[in-house]
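So you know, we letter chains A, B, ... as the sequences are listed, proteins then strands, and number each from 1. Because the structure is predicted, anything quoted here is derived from the model rather than measured.
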Protein chains: 2
Amino acid sequence: MSRQKDLVLEILNGSRGHLSAAQIYESARERIHNISLGTVYRDLGELCRDGYIGRFVLSDGSSVYDRTPFPHGHLVCSECGRIDDIEDPCLMDDLNRITAGTLISAEIVAEHICPDCRSSINRAKA
Amino acid sequence: MSRQKDLVLEILNGSRGHLSAAQIYESARERIHNISLGTVYRDLGELCRDGYIGRFVLSDGSSVYDRTPFPHGHLVCSECGRIDDIEDPCLMDDLNRITAGTLISAEIVAEHICPDCRSSINRAKA
DNA sequence: CTCAAAATCAGTAATCATTCCTAATTACTA
DNA sequence: TAGTAATTAGGAATGATTACTGATTTTGAG
């Protein structure tokens with residue numbers, strides 16, 4: 001594992017995951033000033049392929065990368081953009097049942113309003 | 001509704017859905033030879049916004065458009081690329097529960113092996 | 001009808017995320 | 001240490017999508 005690849009992995013593990021390639025690139029430049037975006041993409045791709053990290057596609061078609069390689073759903077808050085994991089195992093159980101055990105990968109991205117924003121909205125109303 | 005927009009909608013309704021903008025553009029050119037790709041994109045965007053059709057993002061970041069605007073999951077066969085709807089309501093029920101009723105939209109794309117390809121593979125083994 | 005305002009169009013340029021390419025650098029191996 | 005393989009930085013190329021522009025079509029009030 002090269003210095004660049006190691007840094008990319010470290011940045012992702014140091015965050016709560018859910019970073020775009022551009023965000024990781026920005027962070028990485030603080031430590032390796034001339035690291036290239038292409039390298040970040042290549043390393044992210046290899047880390048995905050080798051099962052170190054995960055990746056999922058937002059509804060605008062761009063990708064974000066995840067600390068954990070295990071398939072799980074994501075909640076995107078439509079107010080603040082915050083991304084959380086879906087811990088509930090029901091969804092994957094359902095998908096395994098529906099695909100008769102042939103499930104290879106799953107992308108679940110649900111847009112909702114996160115608890116914090118729900119509170120704000122309720123306060124604003126009151 | 002313009003002639004172009006109407007044609008776009010008709011093409012989508014005439015298919016089983018799940019067409020890319022480029023595919024719709026190709027079909028449309030058979031009837032309006034000089035229709036432009038930009039028009040197809042604009043009309044698809046408006047049809048989505050106005051609730052006539054749906055749209056979802058594949059794992060490569062590109063979009064396909066769907067006859068039905070109601071949120072539902074999709075199964076993509078990793079062997080043949082075929083896309084089917086998930087009829088099972090459990091997934092949406094789960095998501096509604098998980099988001100405490102604040103679910104706005106959901107993208108579910110599961111990669112699996114479709115029944116046809118499962119059969120082929122089993123035949124090949126035998 | 002008639003004509004002007006509004007909507008829509010075709011065509012093309014621009015954008016954005018991502019991938020590809022290449023020559024140079026670095027790391028491994030014997 | 002010399003040779004080879006892997007990896008890099010930087011930039012060019014790609015592909016999907018969006019934005020722009022001037023021309024054309026539609027619409028609706030008089």
Nearest whole angstrom, please: distance from the [atom2] of [N] to the [atom1] of [X].
{"X": "B:K5", "N": "D:dT25", "atom1": "NZ", "atom2": "P", "answer": "19 Å"}
{"X": "B:R3", "N": "D:dT27", "atom1": "CZ", "atom2": "P", "answer": "13 Å"}
{"X": "A:D6", "N": "D:dT7", "atom1": "CG", "atom2": "P", "answer": "13 Å"}
{"X": "A:R29", "N": "D:dA9", "atom1": "CZ", "atom2": "P", "answer": "11 Å"}
{"X": "B:Y25", "N": "D:dG15", "atom1": "OH", "atom2": "P", "answer": "16 Å"}
{"X": "A:Q23", "N": "C:dA17", "atom1": "CD", "atom2": "P", "answer": "11 Å"}
{"X": "B:L19", "N": "D:dA16", "atom1": "CG", "atom2": "C1'", "answer": "16 Å"}

inquiry  = Please give me every residue in residues 60-69 of chain B whose heavy atoms get under 4.0 Å of an atom in DNA chain D, ordered by residue number.
reply    =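 B:S62, B:S63, in order of number.
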query = Can you list, by residue number, the residues of residues 32-49 of chain A that have a non-hydrogen atom closer than 4.0 angstrom to DNA chain D?
reply =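 Only A:N34, A:I35, A:S36, A:T39, A:R42, A:D43 qualify.
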query = Without hydrogens or angle criteria, can the side chains of A:E107 and B:S59 be said to hold a donor-acceptor pair below 3.5 Å?
reply =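 No.
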Option from B:E46, B:R42, B:E10 for which side-chain contact (heavy atoms from CB on, under 4.5 Å) with B:K5 holds =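 So the option named by the test is B:E46.
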message = By the definition side-chain contact (heavy atoms from CB on, under 4.5 Å), identify the one residue from B:I35, B:L44, B:L19, B:I11 that meets it with B:Y25.
response =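 The passing option is B:I35.
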query = Should B:D84 and B:R16 count as an ion pair when the cut-off is N to O under 4.0 Å?
reply =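 Result for this pair is no, no salt bridge flagged.
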Basic-acidic side-chain contact under 4.0 Å: B:R97, B:D94 =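 Salt bridge: yes.
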query = Does A:I108 reach the side chain of A:L95, with side-chain heavy atoms less than 4.5 Å apart?
reply =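 Yes, close enough: below the 4.5 Å cut-off.
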Parallel, tilted or perpendicular: ring planes of B:F56 versus B:H74, cut at 30 and 60 degrees =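 B:F56 vs B:H74 ring planes: parallel.
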message = It should be established whether B:Q4 places a side-chain nitrogen or oxygen under 4.0 Å from OP1 or OP2 of nucleotide C:dA10.
response =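 Answer is yes, contact under 4.0 Å.
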message = Counting only side-chain nitrogens and oxygens, does B:S2 get under 4.0 Å of the OP1 or OP2 atom of D:dT25?
response =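 Answer no for this pair, as no side-chain N or O of B:S2 is under 4.0 Å from OP1 or OP2.
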message = How long is the straight-line distance from CG of A:D85 back to OG1 of A:T68, given to the nearest 0.5 Å?
response =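 Between atom OG1 of A:T68 and atom CG of A:D85 there are 6.0 Å.
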ask   = According to a 4.5 Å side-chain heavy-atom criterion applied to Ile, Leu, Val, Met, Phe, Trp and Tyr, with indirect links allowed, do A:I24 and A:V64 form part of one hydrophobic cluster?
value =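 No; tracing contacts between hydrophobic side chains, which count when under 4.5 Å, never links both residues.
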